[in-house]
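Each remark here refers to the structure printed beneath this line.
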Amino acid sequence: MAKSQAYQRIRAEVIRLVGLIPKGRFTTYGSIAVHMNVVPRHVASVLSKLSDVEAAELPWHRVLSADAQISPRMDSELKSTQRQRLEAEGLSFDAEGKVQNADLHFHVVGIRRNIRWDSPAGV
DNA sequence: GGAGAGGCTTACT
DNA sequence: AAGTAAGCCTCTC
């Protein structure tokens with residue numbers, strides 16, 4: 001029995017969902033959180049507390065913040081790593097660290113809440 | 001057992 | 001439009 005079954009469940013789901021993200025796509029903490037019916041912070045916390053093995057195997061870099069940006073609170077090294085990995089997968093980043101064509105590369109995690117990128121008009 | 005913090009989000013000011 | 005404040009639930013000290 002784990003310390004908290006809830007957290008175990010959450011972590012397992014996060015891992016699974018993140019692992020399901022296809023290459024060249026991304027999703028957001030909020031999307032995952034909503035999908036699991038948890039708060040976004042949990043998703044972030046889970047990712048930050050992942051095991052080394054999981055962090056190495058899991059494409060956590062495909063998880064971005066709500067605005068399709070790399071989380072600014074993240075460690076500097078991780079931020080650059082994340083960006084490099086995403087670029088390596090074919091994603092493009094703006095000078096601000098925003099994903100270009102976010103709506104095109106967004107991976108829907110089961111459900112989708114009302115994603116409000118700045119310009120849905122482009123679609 | 002209580003208090004602080006956590007890779008976010010949303011809403012109001 | 002940008003910045004500040006509160007919220008969510010769980011973990012860790």
Side-chain angles (χ1 to χ4, degrees):
Chain A
M1 183 56 182
K3 304 175 185 176
S4 348
Q5 189 174 5
Y7 194 70
Q8 294 296 328
R9 177 183 113 252
I10 292 170
R11 187 169 68 179
E13 279 295 286
V14 171
I15 292 170
R16 171 153 66 149
L17 293 175
V18 173
L20 289 178
I21 302 172
K23 180 181 157 209
R25 301 252 179 108
F26 74 93
T27 189
T28 66
Y29 293 102
S31 300
I32 296 175
V34 169
H35 172 75
M36 297 161 45
N37 198 31
V38 300
V39 289
R41 252 193 209 169
H42 292 172
V43 180
S45 295
V46 168
L47 291 178
S48 53
K49 285 160 192 155
L50 277 177
S51 309
D52 296 335
V53 180
E54 294 176 320
E57 298 296 310
L58 197 71
W60 57 269
H61 55 269
R62 291 177 191 156
V63 183
L64 304 176
S65 56
D67 286 328
Q69 294 182 227
I70 295 179
S71 309
R73 276 103 144 106
M74 197 190 274
D75 227 37
S76 304
E77 292 184 40
L78 292 180
K79 286 200 298 192
S80 45
T81 301
Q82 184 173 25
R83 180 166 154 176
Q84 288 176 13
R85 289 195 184 190
L86 289 172
E87 288 179 333
E89 294 186 352
L91 274 137
S92 306
F93 279 89
D94 200 332
E96 299 175 352
K98 247 159 100 175
V99 173
Q100 296 181 0
N101 300 322
D103 52 332
L104 298 179
H105 287 287
F106 181 67
H107 173 74
V108 179
V109 183
I111 83 176
R112 69 266 246 319
R113 69 200 296 224
N114 195 8
I115 306 291
R116 43 174 200 67
W117 312 111
D118 19 284
S119 56
V123 206

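Every chain is numbered from 1 and lettered A, B, ... according to where its sequence line falls, protein lines coming before strand lines.
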- Message: Taking the minimum atom-to-atom distance to the side chain of A/P72, which one of B/dG7, B/dC8, C/dC8 wins?
- Response: B/dC8
- Message: With a 4.0 Å cut-off on N to O distance, would you call A/E89 and A/R85 a salt bridge?
- Response: no
- Message: Of the listed nucleotides (B/dG6, B/dT9, B/dG7), which one gets closest to any side-chain atom of A/S45?
- Response: B/dG6
- Spacing between A/M36 atom CE and B/dC8 atom P, to the nearest angstrom: 16 Å
- Spacing between A/K49 atom NZ and B/dC8 atom C1', to the nearest angstrom: 13 Å
- Task: Measure the distance from CZ on A/F26 to C1' on B/dC8 and round it to the nearest whole Å.
- Result: 16 Å
- Check against side chain to side chain contact (heavy atoms under 4.5 Å, CB included), A/D94 and A/V99: CA-CA 6 Å; A/D94 200 332; A/V99 173; over 6 Å; no
- Note on the structure: Nearest-nucleotide check on DNA chain C, A/I10 vs A/P40; residue mapping nearer the 5' end is A/P40
- Query: To the nearest Å, how far apart are A/M74 CE and B/dT9 P?
  - Reply: 11 Å
- Task: Figure out the CZ/P separation between A/R73 and B/dA5, and round it to whole Å.
- Result: 14 Å
- Query: Would A/S31 and A/T28 count as a side chain to side chain donor-acceptor pair (under 3.5 Å) if you check the C-alpha gap in whole Å, the side-chain angles of each, and the deciding distance to 0.1 Å?
  - Reply: CA-CA 5 Å; A/S31 300; A/T28 66; 2.7 Å; yes
- Item | First encountered from the 5' end of DNA chain C, between A/Y7 and A/R41 | A/R41
- Message: Rounded to whole Å, how long is the line connecting atom CH2 of A/W60 with atom P of B/dG7?
- Response: 12 Å
- Counterpart base for B/dA11, defined by Watson-Crick or G-U wobble contacts under 3.5 Å: C/dT4
- Item | Any A/S48 side-chain nitrogen or oxygen under 4.0 Å from OP1 or OP2 of B/dG6 | no
- Query: What's the CG-C1' distance between A/D67 and C/dA1, to the nearest Å?
  - Reply: 14 Å
- Message: Expressed as a whole number of angstroms, how long is the span from A/N37:CG to C/dT10:C1'?
- Response: 15 Å
- Task: Just call it for A/Y29: base, sugar-phosphate, or nothing, with non-hydrogen atoms closer than 4.0 Å on any strand.
- Result: base
- Validation row: A/L91, A/R62 side chains within 4.5 angstrom (heavy atoms): no
- Message: Applying side chain to side chain contact (heavy atoms under 4.5 Å, CB included) to A/Y29 and A/L64, what does each step give before you reach the verdict?
- Response: CA-CA 6 Å; A/Y29 293 102; A/L64 304 176; 5.8 Å; no
